[in-house]
Every structure is written in C-alpha cells, then in structure tokens.
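All remarks here apply to the structure that follows.
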2 protein chains.
Amino acid sequence: MPKRFPHPSVTVDVAIFTLRDDDLQVLLVKRKAAPYAGRWAIPGGFVRMDEPLEAAARRELEESGVRDVYMEQLYTFGDPKRDPRERVITVVYFALVPAPLAVRAGGDAADACWWSMYDLPALAFDHADILDYALTRLRYKLEYTAVGFHLLPETFTLSELQKAYEVVLGAGLDKRNFRRKILDAQVIEETGEYRTGEGRPAMLYRYRSDAVAEVRARRLFP
Amino acid sequence: MPKRFPHPSVTVDVAIFTLRDDDLQVLLVKRKAAPYAGRWAIPGGFVRMDEPLEAAARRELEESGVRDVYMEQLYTFGDPKRDPRERVITVVYFALVPAPLAVRAGGDAADACWWSMYDLPALAFDHADILDYALTRLRYKLEYTAVGFHLLPETFTLSELQKAYEVVLGAGLDKRNFRRKILDAQVIEETGEYRTGEGRPAMLYRYRSDAVAEVRARRLFP
DNA sequence: TCAAAAGTGTTTGTGGTACACCCATGG
DNA sequence: CCATGGGTGTACCACAAACACTTTTGA
C-alpha cells in the first residue's frame, strides 16, 4: 500500500478506576510537555508499530504502576482538532483496579495521582469527554455484569461490596435486597474467614471465577 | 509532536446490515487490488487527515450507495498482522439500512452485493471476525433498544416487524406477547393505512421518533 | 366457501421492591 | 451494658411466558 494518504498518529489512553475512601477515583497524570503542559490527563501514549492495541494499553498501565487488572476497549476518539498539534486518533481503554496501589509517574508524566470522579480538575485534550463516557459505560456494565468485583480486593465483606456499588452508581441500595440478590446469583462464595473491627465480625467472601458474570438484559421486545 | 514513532495507517470499515427475503444480509464488496484481490470484504477506506471518523464512515456508506441511515461505532481492530502489507488500524462502524436499495461498487471495489449473514463467503483480512462481533452486538442492541426499526421501511405491519426480530435473533417469537409488548412500549403508532395482500389486510405502523427507545437493563444487582 | 394472514385475553410463575428488628463483638 | 456494624424474611406488585381460536379479506 503506497502512502496515498498521510497517516495520523495513533495513541492509546487508559481510564483507570479504583475505589478509595468510599469514592470512585480515576488515575490522572500531570503533563510535563506541551501541549497542555501542567494539565492533568489520563495516562496514554503512542502505539508502537509491532504492538497490538491492547498490549499498548497494558504497557501504559504498567508505566503507571498497575498490572494484572480488568481492562476492555472503550471507544475510539478521532476528532481532527482534538490535539492542537496534528491529527491524533486515540483508542481508549478502561481498567478497574482492586486497591489503592501506589502509583508512579511514568514516561511523559511529571506526577500521577488519584482524583475523585465527582470532583475532577481541568483536563487536557478531550479527556473530560472521555471520562464522561467511561463513567456512563462503567455504570452500565456494573448493572448487568459482574465487573464490580474487579474494584475490590480478593476478599471482601458484603457491606464493602454494597458500598462499592453505591459509590459507582451514585445511589443507595437496600441491604436485604442486595444481599439476597447477590447470593442468589451465585457469583460469590464464603471464604470461612471473618473480618473483625468495630461491631460484629463480617463474613469474608470471594468472587467465584467460574461464575456466570452476565445477566440477560430485560428485553424491550419479546 | 515530532514523529518519534512511525505512524500506522488508519481506515474505517462499515458493516452494513439490511433485511432482504426474510434474511439478515450484509453488504460486501469484491476487492479489485491486492492483497486479497477478488476476495469479498466489508466496505472501507482510509481516514482523511481533516475528516472525523464518523464522517469517513458515512463517506464509505455513500460510496456504496447508502445514505441517511443509523450508524454507530462498533470497535477498533488493530492487530499488527491483520493487513499483510503494513500496520493498519481500522475503526469499524455498523449501519442498519431500511430497504434493499440498489447498491454500487465504489472506489476500490469491483462489485458490491448483499450476502446472507448466515452464509458468508471467505472474507479478506479479519473481516470474518469483525462480522461475528458485529452480529453479536446487533443482537444485543436489538434486545434492549429500538434500533430494529432502522432495518424496516417507514411503515410496516406488526408481522413484518416480528419477522425482522426473528430473522436477526435467529429465534421464533410468540405473536401475542410480541404485539402486546411492543404496543405497550409506545414506540410505534398506527398510520391508519392498511396493507392488503393475501389474507386479511394488516394495519401499517410507523416508528414514533419521540419514543423512548431504550429499556433499563435487568440488573445483576439491586 | 376456502385459504391465508391478522388479530385478540387469560392464567400462572418469577423477579423486584419496600420495609424493621435481632445478633455478635469490642470497649 | 452499650455502641457499632452484621445479618435476616415477608408481603405485594409488575412483568414474562405459555397457550388457541375468531376475523377479515381475496380468489
């Protein structure tokens, strides 16, 4: 294929979510270089010529100190003006990480830290739109698949799980209904261990990796 | 941004679906040039430097003789080996067209015609994977949104609508339940006209453009 | 009057939601 | 013994699924 057309740049960006302090947070890096030097952005970088898109996204995760996490492709943003320098098409992934790991500023980043999704700073490029879209998708998936477990450590109590859902969905849930439904769904199992603390100790559960993690959507039409 | 990295090619490809002869069909074009000359492929082409991705996809549609149709971004495929010549990342859209319009072979195509999704020829590149994924997504969306109407002409009978759903979903549906549910959902309205033919004439309906076209998914957790 | 397709209701089961109290532990 | 969070059941309503016959027209 002769280069009959000039080629745009292609990057991957990753929206990395976690739960910290009963809050849904996203990892942002502070840009070192122009454009938008000093502005916060989601981690990202160029796709190498011999590298699958998903591998590029995992490389970005690792540069931020995050590995072995749930990740899926979100959407591709390609507005011609989204980068002021040249045409950059970005394939965005989103990732869910289970714990408030230490993060580091890799590559082009001067700094990296977690920000509440409900209180974001001004962002570089179209990253505010990207995070809007990512949150919508996260909430949506949470409602009909079991991705929520990827935001929690390996073992957790039912109250912690419920809190996680409440934080992401931005709404309160009924304790008895939550417990009945999640236990009926057979996606978690008891570990036999208890977590002690204030009040009565709570059973620790783990996610069953053999669980059917998706529920059939209620159909609009029969 | 200096070109610190070589840039891949970026294309858009479009999976265009319609209903013909009580069958779900997809528009394929016969490739004129190498690689895969003579093989069938979904329509696609390069993204121009000043062109939004969706505009590029609509341009591909128009080159195939299709316009004013439902379209959404599907997924981005970027395996380094998916094109034997060089790195090509493709952003795939899918489109639903209402009628078996005449189609034409635009651009690099020697020929263009409709093929049954249930009986496809050998395809170029990774287009078989792409269509697999597109069908899964189409079925999924059909179940919880009203995109199905975009496969039908402006007016249609309930039997035609039901048939459309059955063909796409690959399963039979109960007539009374189908009718009750779709009428209760208030997404279609009577036109007052009837379609005559063999047997009793059938009321013609049209899609209500003000309809709420999405239903809340059954949630895995409360 | 027959063939062909359109149209129409009821019953039964399952899942969703709302709601308030007792239990086990640590201090 | 009290404060704290953990854990439990039931009643009502809405929606899903199964199921068979009558109506209207053209030939």
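Throughout, a chain's letter reflects where its sequence line sits, starting with A, and its residues are numbered from 1. Everything numeric here is computed off the predicted structure, so don't read it as measured data.
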To the nearest Å, how far apart are [X] [atom1] and [N] [atom2]?
X: A:F178; N: D:dG9; atom1: CZ; atom2: C1'; answer: 18 Å
X: A:Q162; N: D:dG7; atom1: CD; atom2: P; answer: 11 Å
X: A:D174; N: D:dG6; atom1: CG; atom2: C1'; answer: 15 Å
X: B:M203; N: D:dT24; atom1: CE; atom2: P; answer: 13 Å

Compare all side-chain heavy atoms of [X] with those of [Y] and state whether any distance is below 4.5 angstrom.
X: A:E72; Y: A:K141; answer: yes
X: B:S64; Y: B:L27; answer: yes
X: B:D126; Y: B:D79; answer: no
X: A:L53; Y: B:F77; answer: no

> Mind checking what makes side-chain contact (heavy atoms from CB on, under 4.5 Å) contact with B:A128, not counting sequence neighbours?
Replying inline: B:L123
>> Can you list everything that forms a side-chain contact (heavy atoms from CB on, under 4.5 Å) with A:A202? Sequence neighbours excluded, please.
In response: A:T157
> Is the ring centre of A:F156 less than 6.0 Å from the ring centre of A:Y205?
Replying inline: no
> Which residues within residues 192-200 of chain B lie with some heavy atom under 4.0 Å of an atom in DNA chain C?
Replying inline: B:E198, B:G199, B:R200
>> What's the angle between the local helix axes at either end of the helix from C:dT1-D:dA27 to C:dG27-D:dC1, using five pairs per end and rounding to 10 degrees?
In response: 10°
> Of the nucleotides C:dG16, C:dA24, D:dG6, which has the atom closest to the A:K181 side chain?
Replying inline: C:dG16
> What's the closest nucleotide to the A:R176 side chain, out of D:dG7, C:dC19, C:dT8?
Replying inline: C:dC19
Filtered N/O pairs between nucleotides 10-14 of chain D and protein, under 3.5 Å:
residue, atom, partner, partner atom, Å
D:dT10, O4, A:R180, NH2, 3.1

>> Does this structure show an ion pair linking B:E63 with B:R59, if we count only N-O contacts that are shorter than 4.0 Å?
In response: yes
> Does a salt bridge link A:E190 with A:R206, judged by any charged N lying under 4.0 Å from a carboxylate O?
Replying inline: no
> Mind checking what makes ring-ring contact (aromatic ring centres under 6.0 Å, His included) contact with A:Y194, not counting sequence neighbours?
Replying inline: none
>> Would you say B:T90 and B:T11 are linked by a side-chain donor-acceptor pair, where the criterion is simply a distance under 3.5 Å?
In response: yes
